[in-house]
Amino acid sequence: MKIHGKILNHYLSCSSSVDKEGYLYKKGEVNTSYQKRWCILQGNLLFYKDRASEASDVLGVIVLEGCSVQLCESEEKFAFSLVFSEPGLRTYKFAAEDQASLEGWIKALLLANHGYLALLVKDLQQQYLEATRAAGEDPADPQGDNMAHAQSQGPVSGSVFYTSNPPAPEPRDPTRDPTRDPAGAPRPQQLLQVAPAAPSKAACKRSPKLWPKRNALVAPVNGPAPPQGEWSEPTDNFRQMHEEYGREVKELVADWSRRKQEVVSVEGDLIDLG
Amino acid sequence: MRFNEKELVSLSRQPSERAAELGMRGPKKGDVVKKRLVKLIVNFLFYFRTDEEEPLGALLLEQCRVEREDDLAFSIAFLDEAERKYLFECDTQEQCIDWIDSIIKASYEFMRKNLIFYRTEIHRLTGKDPLEQYGISDETRFQVNSGLPPLPAPPT
C-alpha cells in the first residue's frame, strides 16, 4: 500500500507549531535495541527522525489510530508502548528520558487520535451554541473564511479548503459582528456540522489498560464491517470519554509510581543487608 | 518513509465516514480515470481496486485543496511542491457535493480550527475557558494562538 510520503512530509513542514516534539528512545523491530529518535507529534501522526535538525529526514511515521498507550514491562526506565489492538498488529515500544517526559508524552499521545478531537469539538460546539443563545447572539461559522469564493487569494489557515464554481455560502469572518446575518447565509446549524466521531465499540479482546470506547475502529478484520447502525457511539458524551482518559492517565502514572516504589524498597533491603 | 502499514491497512477496513465507487485519476501526466472503491476514514482517503482487500494507497487529507471541477467531479490538490492533483468522478451532483463536504470536514486541522474558534468564543461569551474543566487547557495542540494572531484580552 502506498502512503504518499511527500504529502505527509508536506503536512509536517507546513505546521507553524507542532503538538509535541522531543527525544524518545524507540525500540527497533529488526534491531531490537532502543535507539534515540527525535519524535514529532502532529495531529494523529507521530513522525520520527534521527536528529532534531531540520536537515535530518523523517525516517518514519506511526499513524495513531486504533492504538492505546500503555506502560511497558521493561528493563528500560520510563517505558511505554503504543499497542495496536487487532491481532497481528504491532506494539511500538518507547522510553522517555525522565518521569516528566514520560507523563507528557503519554498524555499527548492519548489525546492525539482523530475521534478524541472530533468529540471534543462536538462538545464545545454545543457549549458555544448555548452560550450564544444565552447572550442573544447569532452563532457564527468557524470556517467562514474557509468556504470562500473562488476569488480568494489562496490557502487560508486550515488544512483543507474549498474553492468552487457554484457560489459558496457568504464568507463570515468570526471577528465581524456575529449578529449581522448576511443574505443567503445557510442556517448556522448546517455550517457548524462537524464530522461525527466514528462509531466506536471495542469488539476486540481488551487488556485492562485499553480503554473501552475510544477510537472507532475495531471491526473484526476478517468479517464484514457491521452496519453503521450497530456501532452507535456509546460515549457520545465527551465529558464521559474525557473522564475515562483522565482515569487511564492517573492509573498509568500510579502504576509507574508503585513500580518505582517496589524497586526502591528492594534496594532498601539490600542496603540494610550490606 | 517507513510507516505502520499493517495498522493502516487495518484502519482501512474499519467503518468509514463515506465510501463509494468513484472514477479516480492520478496526478501524473498520462494517468487515466479508473474505477476505485474510495473510503474516507478519519483524515485518510483510502482507495482500493474493486473487490480487493488491501488498499492501493492512502491519501492524508491535510494541507490540500478540494475543488469542484464540474457537475459530477471534484479534485483534491495536495499542496506540496509538486502540487499533485487527483480527480474524482461521481455518479450524481449530490454525491459530488457530499464528498467534498466530508473530505473538508475530515481534516484534523479543520477540526482544530473549529476547536480554537469555539474555545475563544466561549471564553469571550462566558469568561471561562471550556478546556479547563477537562484539564487540557495547557496542551499545545489546543492553543489558541498556534500560528494565529493572539487573542484580544477578555472583556473586564
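Labels below follow one simple rule: chain letters A, B, ... track the order of the sequence lines, proteins then strands, and each chain is numbered from 1. These numbers come from a predicted model, not from an experiment.
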Contacting region of [X] [heavy-atom separation from chain A under 4.5 Å]:
| X | answer |
| --- | --- |
| B:F44 | side chain |
| B:E5 | both |
| B:L56 | backbone |
| B:E7 | both |

- Query: Is it the case that B:R112 places NZ or CZ above or below the six-membered ring of B:Y108, under 6.0 angstrom from the centre and within 45 degrees of the axis?
  - Reply: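 So B:R112 doesn't make the cation-pi contact.
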
- Toward chain B, the part of A:K20 with a non-hydrogen atom under 4.5 Å: neither

- Query: Side chain, backbone, both or neither: which part of A:N9 has a non-hydrogen atom closer than 4.5 Å to chain B?
  - Reply: both

Return the option, out of [options], with the maximum number of heavy-atom pairs under 4.5 Å with chain B.
| options | result |
| --- | --- |
| A:R90, A:K107, A:H4 | A:H4 |
| A:K2, A:K6, A:M1 | A:M1 |
| A:G43, A:S13, A:G5 | A:G43 |
| A:D123, A:L41, A:L117 | A:L117 |
| A:N44, A:V18, A:L8 | A:N44 |

In terms of heavy-atom pairs under 4.5 Å, which option from [options] contacts chain A the most?
| options | value |
| --- | --- |
| B:Y47, B:F74, B:Y134, B:F78 | B:Y134 |
| B:L125, B:L131, B:T126 | B:L125 |
| B:P130, B:A58, B:A77 | B:A58 |
| B:V9, B:I76, B:L115 | B:L115 |

Between [X] (side chain) and [Y] (backbone), is there a donor-acceptor pair under 3.5 Å?
| X | Y | value |
| --- | --- | --- |
| B:D31 | B:K28 | yes |
| A:H10 | B:C64 | no |
| B:Q143 | B:S137 | yes |

- Verify the neighbour count for atom CD of B:E94: are there more than 12 heavy atoms of other residues, nucleotides or ligands below 6.0 Å? no

- Task: Go through B:R119 and B:E121 one step at a time and tell me if the salt bridge (charged side-chain N to carboxylate O under 4.0 Å, His left out) criterion holds.
- Result: CA-CA 6 Å; B:R119 184 184 183 184; B:E121 286 294 288; over 6 Å; no

- By salt bridge (charged side-chain N to carboxylate O under 4.0 Å, His left out), B:D71 pairs with (sequence neighbours left out) none

Donor-acceptor contacts, no H, no angles, side chain residues 129-136 of chain A, under 3.5 Å, sequence neighbours left out:
from, atom 1, to, atom 2, distance (Å)
A:T132, OG1, A:Y128, O, 3.2
A:T132, OG1, A:L129, O, 2.9

- Just do the side chain to side chain donor-acceptor pair (under 3.5 Å) check on A:S15 and A:Q42 with the steps written out, would you? CA-CA 8 Å; A:S15 316; A:Q42 183 65 5; 3.0 Å; yes

- Message: How close do B:Q95 and B:D91 get, counting heavy atoms only, and between which atoms?
- Response: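 Closest heavy-atom pair between B:Q95 and B:D91: OE1-N, 2.7 Å.
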
